[in-house]
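Working notes for the structure below.
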Amino acid sequence: MEEQTTESQSTKQSYFSSTKIAFIAMFATIAAVLYILNFSIPFAFPGFLEFKFSDVPILIGAFTLGPVPAAAIVVVEILIKLVIKGSTTFFVGELSDLITSCTFAVTAGIIYKKHRTFKGALVAMAVGTVAEVAVAILFNWLVLVPFYVQVFFGGNWQPLVGMMKPLFPSCTKETFYAFYLWVSVLPFNLLRCIVASLITTLVYKHISRLINSVNHKIYGKQQANGGEATVAKINVAAIIVGAVVVALLVMFALLRYFVF
C-alpha cells in the first residue's frame, strides 16, 4: 500500500471507464472461479459453511478501482457462479454472499479511497472486517436460518441441529443460535476476512502498479489519437457492452434455475 493514488487522472472522472470495466470483468472472473472452488473446514466449522478465497480479488478491486466497482465485481461474480452452477438455496445463499462481500469490500474501499496510506489500508480492512462479521451474524439470525427452517425443512429445526451436532454434541433447538452465531458464523467470517486482508496486503501494490501502467498507456494513446471526446465515446460503448453482458448473465442464471 502506498500514499500515491492508484488511479490515473482519467479513471477518476468515471466510475466505469473502459479500462475499469475491463478490470472489473477480470477481477469478477477470478472471483467467480474462486467462489465456485469453495470448500468446507469440517474440523472447525459446520460443513455447510464453505470457505472461499473470492474475497481476495474483490478486496483488491475495491482498493485499485474503488468501492462502486467493487460492488459490481461481487454482482458479476455471483451471476457467473449462478450461470455455471445454479443455486441450491433459492438464491438466498447467494444473496447472503452478495451482502457480506459487498459490506466487507465496499466499506474497506470507501475508507481507503479517503486515506490512501498503509495505515489507511489496515484501518479500512479492519473496519470492513467488523462490518462484514456484524452483517453476517444479523443476516443469518434474522433471514438465513428462519428461511431454511421454514422453506426447506417445513418448520422442523432438527435437520439444522443435526448438522451442528458433529462439532457441538450438546446443541439443541434452544441453544442453536448460541452455537451457530457465536461459535461458527463469527469466527468463520472473521477468518474469511483476515485471510483476504493478508493476501491483499501482500499482492496489492504489484497489481496496483500494473493497473496504473495499463491506464496510462491506454488513456494516453486514446487522448493522443482523438482527445477527450474519443475517450468519452469509448467509455459509453464499454458501459453499454457491460450492461448487456450483465443482463445476459441475469437471464441465463434465471433460465438455468427455473428451466434447466
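Model, not experiment: these values are computed from the prediction.
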Checklist outcome for this item: Tightest non-hydrogen contact, residues Lys165 and Cys171, listed as NZ-O, 2.8 Å
Checklist entry - Counting heavy atoms not belonging to Phe51, are there more than 12 under 6.0 Å from its CZ? => result yes
Checklist entry - Under 4.5 Å between side-chain heavy atoms, hopping through other hydrophobics if needed: is there a path connecting Val123 to Ile194? => result no
Next on the checklist: For a 4.5 angstrom cut-off between non-hydrogen side-chain atoms, does Ser184 reach Phe179?
Outcome noted: no
Item to check | Side chain Thr175, main chain Thr172, donor-acceptor under 3.5 Å | outcome: yes
Item to check | same_hphob_cluster(Met164, Val183) at 4.5 Å side-chain heavy-atom cutoff | outcome: yes
Checklist entry - Can you list every salt bridge (charged side-chain N to carboxylate O under 4.0 Å, His left out) pair that touches residues 22-47, not counting sequence neighbours? => result none
Next on the checklist: Quick test of your reading: applying salt bridge (charged side-chain N to carboxylate O under 4.0 Å, His left out), list the pairs with at least one residue in residues 132-141, sequence neighbours left out, ordered by first then second residue.
Outcome noted: Glu132-Arg192
Next on the checklist: When you group the ILVMFWY residues by side-chain heavy-atom contacts below 4.5 Å and let the links chain together, are Val106 and Val75 in the same group?
Outcome noted: no
Checklist entry - Closest approach of Leu34 and Phe53, non-hydrogen atoms and distance? => result CD1-O, 3.5 Å
Checklist entry - What's the verdict on side chain to side chain contact (heavy atoms under 4.5 Å, CB included) for Val245 and Leu249, showing C-alpha distance, side-chain angles and the deciding distance? => result CA-CA 6 Å; Val245 170; Leu249 286 173; 4.2 Å; yes
Checklist entry - Are any side-chain N or O atoms of Ser208 and backbone N or O atoms of Tyr204, one a donor and one an acceptor, separated by less than 3.5 Å? => result no
Next on the checklist: Minimum heavy-atom separation for Gly93 and Thr89, please, with both atom names.
Outcome noted: N-OG1, 2.9 Å
Next on the checklist: Which residues pass the side chain to side chain contact (heavy atoms under 4.5 Å, CB included) test with Pro166, not counting sequence neighbours?
Outcome noted: none
Item to check | Residues Phe43, Ile41; criterion side chain to side chain contact (heavy atoms under 4.5 Å, CB included); working and verdict | outcome: CA-CA 6 Å; Phe43 61 86; Ile41 311 176; 3.3 Å; yes
Item to check | For the student: nearest non-hydrogen atoms of Ala31 and Ser54, plus distance | outcome: O-CB, 3.2 Å
Checklist entry - Pick one: which of Phe48, Tyr148, Phe45 meets ring-ring contact (aromatic ring centres under 6.0 Å, His included) with Tyr180? => result Phe48
Checklist entry - What residues form a side chain to side chain contact (heavy atoms under 4.5 Å, CB included) with Val133, not counting sequence neighbours? => result Thr129, Ile137, Leu186, Asn189, Leu190
Checklist entry - Can any side-chain N or O of Lys113 pair as donor or acceptor with the backbone N or O of Pro67 at less than 3.5 Å? => result no
Next on the checklist: Using a 3.5 Å distance criterion without hydrogens, assess whether the side chain of Thr103 forms a donor-acceptor pair with backbone atoms of Ile99.
Outcome noted: yes
Item to check | Shared hydrophobic cluster for Val149 and Leu138 (ILVMFWY, side-chain gaps under 4.5 Å) | outcome: yes
Next on the checklist: What verdict does the side chain to side chain donor-acceptor pair (under 3.5 Å) test give for Asp97 and Tyr35, after you've listed the backbone C-alpha separation in whole Å, the side-chain angles of each residue and the deciding distance to 0.1 Å?
Outcome noted: CA-CA 10 Å; Asp97 291 329; Tyr35 187 27; 2.5 Å; yes
Next on the checklist: Suppose we screen for side chain to side chain contact (heavy atoms under 4.5 Å, CB included). Which residues come up paired with Ile36, at least two apart in sequence or across chains?
Outcome noted: Lys81, Ile84, Lys85
Item to check | Interatomic distance, Lys20 atom NZ to Phe27 atom CZ [nearest 0.5 angstrom] | outcome: 11.5 Å
Checklist entry - Mind checking whether Val161 and Trp141 sit in one hydrophobic cluster, side chains of I, L, V, M, F, W, Y counted as touching below 4.5 Å? => result yes
Next on the checklist: Test side chain to side chain contact (heavy atoms under 4.5 Å, CB included) on Val195 and Leu198; report intermediate values, then the result.
Outcome noted: CA-CA 5 Å; Val195 169; Leu198 289 174; 5.8 Å; no
Checklist entry - What closest approach, in Å, do Phe188 and Glu50 show between heavy atoms, and which atom pair accounts for it? => result CZ-O, 3.3 Å
Next on the checklist: Which heavy atom of Tyr112 sits nearest to which heavy atom of Thr117, and what is that distance?
Outcome noted: CE1-O, 3.6 Å
Item to check | Lys173: side chain to side chain contact (heavy atoms under 4.5 Å, CB included) partners, not counting sequence neighbours | outcome: Trp157
